[in-house]
Amino acid sequence: MDNLIEVKNEYNSLDKLYDFLKSTSAFECSKEYDAWEVRTDSNGQMAQCIVLKKSGMHALKVFFINDNTVKICHIIPSKVMNAYFGKSVKRYRNILEIITGKIKDTLLAPAQQKAFEELEREVKKAA
């Protein structure tokens with residue numbers, strides 16, 4: 001669950017967007033290093049993102065891909081739960097990863113979609 005949103009010029013930096021979301025959103029908002037995709041910035045250091053958290057299983061990761069466009073991705077904020085139920089990019093998976101993937105697809109996907117849409121509306125307020 002990913003989406004691209006173009007934000008207003010007044011929110012064209014991570015800090016400005018973070019301040020806006022922290023003040024207007026009812027959800028928990030934090031600025032963290034992107035440990036989910038391990039992206040790097042122009043200096044070769046780990047890039048930061050905004051995490052808009054609804055619960056221990058539902059959150060959005062927001063980061064800029066160019067000047068006024070942000071990419072939002074659904075994540076599981078808990079590192080342990082993300083290891084089991086997150087998006088796997090491995091070529092080969094063990095049996096536990098296959099089973100948890102099936103559980104995620106059948107039980108968690110509808111709830112994740114609903115949470116994604118709810119959190120996405122918060123970010124769209126800056127558009």
Worksheet item: Should Ile5 and Leu52 be counted in the same cluster of Ile, Leu, Val, Met, Phe, Trp and Tyr side chains packed under 4.5 Å apart?
Response: yes
If you measure from [atom1] on [X] to [atom2] on [Y], what distance do you get to the nearest 0.5 Å?
| X | Y | atom1 | atom2 | result |
| --- | --- | --- | --- | --- |
| Glu120 | His74 | CD | NE2 | 11.5 Å |
| His58 | Ile76 | NE2 | CD1 | 8.0 Å |
| Lys114 | Glu118 | NZ | CD | 7.0 Å |
| Lys8 | Asn68 | NZ | CG | 12.0 Å |
| Lys71 | Phe63 | NZ | CZ | 5.0 Å |
| Leu14 | Phe64 | CG | CZ | 6.5 Å |

Practice prompt. Determine whether Trp36 and Cys73 make a side-chain contact, defined as any pair of heavy atoms from C-beta on separated by less than 4.5 Å.
Written response: no
Worksheet item: Can you tell me if NZ on Lys31 sees more than 12 non-hydrogen neighbours from other groups inside 6.0 Å?
Response: yes
Worksheet entry | More than 12 heavy atoms of other groups within 6.0 Å of Lys125 NZ | yes
If we ignore hydrogens and angles and just use 3.5 Å, is the side chain of [X] paired with the main-chain N or O of [Y] as donor and acceptor?
| X | Y | result |
| --- | --- | --- |
| Thr69 | Ile65 | no |
| Arg121 | Phe116 | no |
| Asp41 | Asn43 | yes |
| Ser25 | Lys22 | no |

Search all heavy atoms of [X] against all heavy atoms of [Y] and return the closest pair with its distance.
| X | Y | answer |
| --- | --- | --- |
| Cys49 | Lys61 | SG-CG, 3.5 Å |
| Leu21 | Glu122 | CD2-O, 3.7 Å |
| Asp34 | Arg39 | OD2-NE, 2.6 Å |
| Val123 | Val70 | CG1-CG2, 4.4 Å |
| Leu17 | Ala126 | CD1-CB, 3.7 Å |
| Val38 | Met46 | CG1-CE, 4.0 Å |

Fill in: Candidate pair Asn3 and Ile72, rule side chain to side chain contact (heavy atoms under 4.5 Å, CB included), full reasoning
CA-CA 5 Å; Asn3 201 357; Ile72 58 173; 3.8 Å; yes
